[in-house]
Amino acid sequence: MAIFLDEHSRVVVQGMTGSEGVKHTRRMLASGTQVVGGVNARKAGTSVDFDDVTLPVFGTVAEAVEATGANTSVLFVPPAFTGDAVIEAIDASIGLAVVITEGVPVHDTARFWAHASGSSTRIIGPNCPGIISPGKSNAGIIPADITKPGSIGLVSKSGTLTYQLMHELKDFGFTTCVGIGGDPIVGTTHIDAIAAFEADSETELIVMIGEIGGDAEERAAEFVRDNVSKPVVGYVAGFTAPEGRTMGHAGAIVSGSSGTAEAKKQAMEAVGIRVGRTPSETAALARAILTG
């Protein structure tokens with residue numbers, strides 16, 4: 001099985017006609033994703049050739065859904081227009097909206113996050129690499145050739161560390177890898193993904209990657225303590241980060257001892273999560289559990 005994305009997902013790409021949209025649509029198609037069309041109001045009625053398939057361009061997400069049965073959207077839309085684009089996907093009853101765009105104003109994210117509340121749409125991102133269920137579907141920019149289907153579920157704030165853990169544990173493989181993004185507000189949280197992995201019969205072990213700043217990892221640890229029976233391995237990026245300085249992602253800021261990598265490590269270990277101090281050590285911990 002897989003979480004959130006599988007072989008039945010029918011993907012429409014908002015911003016498919018731009019350079020990034022074209023490049024990553026081609027990669028998604030090559031990995032077996034059912035991409036069924038694109039959305040660009042200014043190029044409605046045209047089409048784009050991708051090697052052995054030609055995809056139509058629609059004027060709105062609602063038109064794409066009606067014509068193709070799309071249930072997933074991947075967004076490659078400039079930051080200033082991302083908020084309205086996500087709301088358009090929500091209003092079209094898209095089941096999963098994967099927001100790749102970096103630099104989305106926080107107030108725009110808050111606006112579409114609130115708009116999605118109570119709707120049928122799950123948002124992943126913004127500022128994320130997307131989601132991949134190896135061998136089934138790939139929605140976003142995650143390389144499809146660095147791992148294989150398997151029994152590990154991965155949820156990560158960091159795109160780069162997502163790729164590293166996928167590669168280091170490629171001999172075991174993954175059910176699904178979810179890059180949730182590192183902005184202050186994100187649509188899908190560690191807790192959402194961990195809960196889904198706990199319910200997934202094929203996921204045997206969960207890897208959780210966090211980073212300094214905020215309390216998302218501490219809240220996830222509390223959830224694991226109360227709700228998760230499967231083994232969980234974790235890593236927190238930023239053990240060497242100086243206090244009081246933003247590091248990479250917009251949400252990664254430390255104040256005093258709150259939000260430090262060490263504080264998060266202690267909170268996670270207190271509930272039985274095994275935490276590595278480097279990505280490679282984290283992979284080794286996962287490997288040790290899976291080999292018994």
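Using modelled atom types, no side-chain atom of E202 and backbone atom of G150 make a donor-acceptor pair closer than 3.5 Å. No donor-acceptor distance shorter than 3.5 angstrom exists from the side chain of H24 to the backbone of A139, with no hydrogens or angles considered. Not one N or O on the side chain of S151 forms a donor-acceptor pair closer than 3.5 Å with the backbone of T203. Put simply, the side chain of S9 gets close to the backbone of D6: a donor and an acceptor are under 3.5 Å apart. When atom types are taken as modelled, the side chain of E198 and the backbone of S229 share a donor-acceptor pair closer than 3.5 angstrom. A donor-acceptor pair is defined here as one N or O able to donate and one able to accept, closer than 3.5 Å; no such pair exists between the side chain of T147 and the backbone of H167. A donor-acceptor contact shorter than 3.5 Å links the side chain of T101 to the backbone of V77. Here the side chain of Q34 pairs a donor or acceptor atom with the backbone of E7 at under 3.5 angstrom.
Residues R10 and G69 approach most closely at CD-O, 3.7 Å, considering heavy atoms. Closest of all the heavy-atom pairs between V57 and T17 is CG2-CG2, 3.9 Å. Of all heavy-atom pairs spanning H190 and I209, the tightest one is NE2-O, 2.9 Å.
Heavy atoms from other residues, nucleotides or ligands lying under 6.0 Å from NZ of K170 number 12 at most. Annotation for F81: atom CZ does not count as buried by contact number, only 12 or fewer foreign heavy atoms lying within 6.0 Å. The environment of E102 atom CD is sparse: at most 12 non-hydrogen atoms of other residues, nucleotides or ligands sit within 6.0 angstrom.
Checked for salt-bridge contact, E218 and K264 meet the test: a charged N lies under 4.0 Å from a carboxylate O. With respect to the salt-bridge test (charged N to carboxylate O, under 4.0 angstrom), the residues D145 and R27 do not qualify. The existence of a salt bridge linking E222 and R219 is excluded, since no basic side-chain nitrogen approaches an acidic carboxylate oxygen closer than 4.0 Å.
Side chains of T54 and S47: no donor on one and acceptor on the other come within 3.5 Å. Between the side chains of S73 and Q14, at least one donor N or O sits under 3.5 Å from an acceptor N or O.
Summarising the geometry, atom CZ belonging to R122 is positioned 4.0 Å from atom OG1 belonging to T188; distances are rounded to the nearest 0.5 Å. Between the NE2 atom in H107 and the CD1 atom in I185 there is a gap of 10.5 Å [rounded to 0.5 Å]. For the atom pair F197 CZ and I206 CD1, the distance stands at 7.0 Å (nearest 0.5 Å). Put simply, CE on M166 and CG on L161 are 12.5 Å apart, with the number rounded to the nearest 0.5 Å. Rounded to the nearest 0.5 angstrom, L205 CG and R274 CZ are separated by 10.0 Å. Annotation: the span from I131 atom CD1 to I180 atom CD1 amounts to 11.5 Å, rounded to 0.5 Å.
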**OP:** Test Q164 against Y235 for side chain to side chain contact (heavy atoms under 4.5 Å, CB included), laying out the working first.
**Re:** CA-CA 12 Å; Q164 181 170 351; Y235 173 68; over 6 Å; no
Subject >> Working for side chain to side chain contact (heavy atoms under 4.5 Å, CB included), residues I100 and E20 >> reply: CA-CA 10 Å; I100 305 300; E20 291 299 305; over 6 Å; no
**OP:** Applying side chain to side chain contact (heavy atoms under 4.5 Å, CB included), run through V236 and M268 and close with a yes or a no.
**Re:** CA-CA 10 Å; V236 181; M268 293 161 70; 3.7 Å; yes
Original post:
So H115 and D91, side-chain hydrogen bond (donor to acceptor under 3.5 Å, both in side chains) or not? Walk me through it.
Top reply: CA-CA 9 Å; H115 196 74; D91 288 344; 2.7 Å; yes
Subject >> CA sep, side-chain torsions, deciding dist, call: F174, I132, side chain to side chain contact (heavy atoms under 4.5 Å, CB included) >> reply: CA-CA 9 Å; F174 294 81; I132 181 171; over 6 Å; no
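Among residue pairs with one or both ends in residues 277-292, those qualifying as side-chain hydrogen bond (donor to acceptor under 3.5 Å, both in side chains) are E168-S280, D171-R287, E262-R277; sequence neighbours excluded. For the side-chain hydrogen bond (donor to acceptor under 3.5 Å, both in side chains) condition, the pairs that include at least one residue of residues 129-141, sequence neighbours left out, are S133-T176. Residue pairs satisfying the side-chain hydrogen bond (donor to acceptor under 3.5 Å, both in side chains) criterion with at least one member in residues 61-70, sequence neighbours excluded, are absent.
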